[in-house]
Each structure stands twice: as C-alpha cells, then as structure tokens.
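Step one of this worksheet: look at the structure below.
Here is how names work: the chains are called A, B, and so on, in the same order as the sequence lines, proteins then strands, and each is numbered from 1.
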2 protein chains.
Amino acid sequence: MQLKNQVEWALHCCAILAGLGPDRHLPTKDLAELHGVPKEYLSKALQALSQAGIVEGTLGPSGGYRLARPAGAITFLNIVEAVEGRQSSFVCTEIRKNNPCRGSMSPAAAGDSRPCAIARVMWEADRAWRASLDGVTLAELAKTLEKTVPAPLLKKTAAWVEART
Amino acid sequence: MQLKNQVEWALHCCAILAGLGPDRHLPTKDLAELHGVPKEYLSKALQALSQAGIVEGTLGPSGGYRLARPAGAITFLNIVEAVEGRQSSFVCTEIRKNNPCRGSMSPAAAGDSRPCAIARVMWEADRAWRASLDGVTLAELAKTLEKTVPAPLLKKTAAWVEART
DNA sequence: TCTATTAAGGATATCAAATATCCGTAATAA
DNA sequence: TTATTACGGATATTTGATATCCTTAATAGA
C-alpha cells in the first residue's frame with residue numbers, strides 16, 4: 001500500500017507556492033523542472049488541486065498557479081485528499097456466508113445494520129491518520145522549513161522562484 | 001491507495017481462529033470456503049501470518065492453522081504489517097535540484113542529514129495510524145463482536161466451526 | 001507401511017491501477 | 001496576432017495486486 005507519487009509532488013508544489021509573493025504565479029513547466037518530474041503528469045495533480053479549490057490557475061503568458069487561500073488555511077489533509085481521494089484505505093467487502101462480522105455496505109442484504117467490527121477498527125485508524133494530516137497547515141510547514149533547512153538552501157530556492165516570477 | 005484484500009481476509013481468519021478451542025486447527029480450505037475467497041491465494045496470506053509468528057500451521061490430516069499466541073497478545077497492527085509490510089504509505093523520493101525540502105534517504109548525496117520536513121509530517125501521520133491499529137487486540141475484537149453482533153449469527157458461526165474441528 | 005491430507009513455497013498467468021504521453025480547445029497577456 | 005498557458009479527453013506503458021498451478025515434505029490415521 002503506497003500513496004501515489006503525485007501526492008508527494010503536490011505537497012512540494014504547494015510548499016513552493018506558499019512561498020510566493022501575492023498575485024504571482026508559477027506555471028506547470030517550471031514546477032516540473034524544479035522537481036524533475038514529467039510536466040504532463042504533474043499537470044494532472046495540479047488540476048486535481050485546482051478542482052479542490054486549493055490552487056487556482058490563470059491562463060496565458062505569465063500565467064500559472066498560485067494558492068487559492070492563505071497557507072494557514074490549507075492542511076496536508078486537504079492536499080492529500082485532493083490527489084488521493086477520500087476513500088478509506090480499508091475497504092470492507094461483503095465477506096459471505098457464516099462470518100459473524102458482517103459488512104455495513106448493504107445492511108439490508110446482510111440483515112443487520114451494524115457495521116463490521118473489524119472494519120470499524122480499521123476505519124478508526126484511518127480517521128487517526130487523517131486527523132494527524134489535518135493538524136498541519138502549509139504555514140506551519142514553512143516555519144518548520146526555516147528551522148530545519150540550512151539557510152543557503154532556502155536562499156537558493158528563493159532566488160530560483162524570484163527568477164521565474 | 002488501498003490495502004490489499006488479503007489484509008481483510010487475514011483479519012477475518014484471525015478473528016475466527018481466536019474463537020477456536022485450544023489445540024484445535026482449521027485448514028486453509030475451510031477458511032477459504034467460510035469467507036468465499038480463493039483458497040490458493042488466501043494461503044499466501046496465511047503463510048505471511050505464519051512467518052510473522054502470528055499463526056502456526058500443522059501438517060497432515062486434521063492439521064491446519066491456529067493462533068501462535070493468546071488473542072490478547074495479537075494486535076491489528078501485527079496482522080496488518082504481516083500481510084502489508086512495514087513500509088510507510090508515504091515514500092520520500094529524492095526530489096531534485098533546487099527544492100529546499102531534501103530527502104533523508106541519502107543524506108550524504110543531499111549534503112544534509114536532516115529529514116525532509118514534508119516527509120516527517122507524512123511519517124508522523126503514518127505513525128498515528130499504526131499506533132491506532134496497535135491499540136486493539138484480537139481479544140478486544142471478540143468482546144466487541146459479542147456486544148454488536150446478533151447472538152444467532154455468533155451461534156451459527158460457532159456451530160460451523162464446531163462442525164469442522 | 002500405505003494413503004490421504006495438509007502447509008509451504010516456487011513459478012507463472014491475469015487483471016487493475018498507477019504512471020506517463022499525446023493531442024485538441026479555449027483563454028489571455030504581450 | 002502570436003506565443004503561452006490551464007484544462008481535459010484519449011490512450012499507451014508499467015507496475016503491483018490478484019489468482020492459479022505445481023512440486024515437495026510432513027503427518028495423522030487406516
């Protein structure tokens with residue numbers, strides 16, 4: 001079980017966009033070159049972010065993407081769910097016959113409206129995962145970066161961004 | 001991102017085995033029929049559980065599987081990790097060039113031993129997921145089943161198990 | 001001893017999803 | 001008018017999950 005690599009790309013792109021000045025944009029092409037990933041495929045991830053209202057794109061020359069809301073109002077969970085979807089990592093299929101732990105998918109068919117006890121444990125863990133991701137915003141990530149990443153590296157990136165906007 | 005269906009099968013099989021009397025066994029064939037899943041493929045999951053020391057198999061007629069330890073000493077995490085592996089759902093690839101958030105995979109190559117800040121957030125969420133799974137044992141599941149599953153269903157299963165052992 | 005049963009595991013086939021590429025359309029700044 | 005860009009549809013490629021087949025060795029029971 002592994003998250004799509006688009007999740008990693010989306011998180012890094014958002015981190016970069018969070019450091020952008022107001023009303024400035026970065027096009028897919030630059031973001032792809034920065035991270036060394038295929039432009040066309042990264043574009044799909046950015047489109048997902050756009051549809052989720054996390055980033056917004058503007059057309060034409062000097063267009064590109066920027067955050068659609070303040071970095072403090074965007075959590076990791078928002079980004080992960082935009083790319084990866086909201087379905088739990090555990091899917092309870094209707095396991096048949098004698099098994100006492102019925103699924104909750106079709107209570108009528110199962111003759112029991114109570115959710116599968118095993119599924120409930122798995123879903124609770126999924127909830128804990130999402131709660132953890134929902135507890136960190138892009139703004140807090142930026143603070144962490146300042147503390148843990150060597151200054152020269154940050155300046156290098158800042159200069160790179162500056163040169164493109 | 002989705003867990004393998006083998007995880008669900010393994011959890012249900014362990015739940016059944018937890019209700020078994022001491023020194024009794026259930027073969028793969030019966031477990032597969034009970035759940036309505038392919039025997040050969042379920043066998044792979046049971047082998048993984050066996051290698052992890054969660055169940056133990058005995059050969060020959062009247063052989064099969066049983067739990068290798070008390071149900072109170074087996075957590076959901078044990079079972080999930082036996083089948084799904086221990087690698088985090090988030091993999092931090094070395095994203096190249098100017099990006100300030102370096103990977104922690106090859107600090108030497110990155111010239112920086114600090115782990116990627118984005119990866120740390122994702123890994124923390126993964127840790128929360130595993131902690132949640134590690135907080136529930138098979139014994140506790142059995143208690144939940146007694147409370148939430150209608151008695152006739154439990155009796156039906158008990159009778160089924162009884163007929164096979 | 002013989003036979004049926006079983007776990008274990010290697011090899012391989014099948015299928016679904018992730019990954020990646022290509023192309024057309026419409027909008028827009030210069 | 002032109003170059004640039006987001007957006008989205010269609011499709012190819014690759015990878016991993018799913019599934020099947022077969023052999024081997026152990027073991028209980030006849």
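Of the N and O atoms on the side chains of Glu8(B) and Thr93(A), at least one donor lies less than 3.5 Å from an acceptor on the other residue. Remark: the Thr144(A) side chain and the Glu140(A) side chain contain no N/O donor-acceptor pair separated by less than 3.5 Å.
Salt-bridge check for Asp126(A) with Arg130(A): passed, with a basic side-chain N closer than 4.0 Å to an acidic carboxylate O. The pair Glu33(B)-Lys39(B) does not count as a salt bridge, with every side-chain nitrogen at least 4.0 angstrom from each carboxylate oxygen. Classification of Lys155(A) and Glu162(A) as a salt-bridged pair fails, no side-chain N sitting under 4.0 Å from a carboxylate O.
Remark: side-chain polar atoms of Asp30(A) are not paired, donor with acceptor, to backbone N or O of Pro27(A) under 3.5 angstrom. Between the side chain of Trp123(A) and the backbone N or O of Phe90(A), at least one donor-acceptor pair lies under 3.5 Å.
In this entry the distance linking CD1 of Ile54(A) with C1' of dA6(D) reads 17 Å, nearest Å. Atom CZ of Arg24(B) is separated from atom P of dA28(D) by 17 Å (rounded to the nearest Å). The interatomic distance linking Gln51(A) (CD) with dG9(D) (C1') rounds to 13 Å, in whole Å. Between the NZ atom of Lys29(B) and the P atom of dA7(C) there is a distance of 11 Å, given to the nearest Å. Between the OH atom of Tyr65(B) and the P atom of dA26(D) there is a distance of 16 Å, given to the nearest Å.
Contacts with DNA chain C (heavy atom under 4.0 Å) in residues 56-64 of chain A: Leu59(A), Gly60(A), Pro61(A), Ser62(A), listed by number.
For the pair Ser50(B) and dA8(C), the criterion of a side-chain N or O lying under 4.0 Å from OP1 or OP2 is met.
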Starting at the 5' end of nucleotides 16-24 of chain C, put B wherever the base has a protein heavy atom under 4.0 Å, S where only the sugar-phosphate does, and a dash everywhere else.
--SBBBBB-
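Nearest-nucleotide positions on DNA chain C place Asp30(B) closer to the 5' end than the other of Gln47(B) and Asp30(B).
For the residue pair Trp129(A) and Ser89(B), the shortest heavy atom distance occurs at NE1-OG, 4.3 Å.
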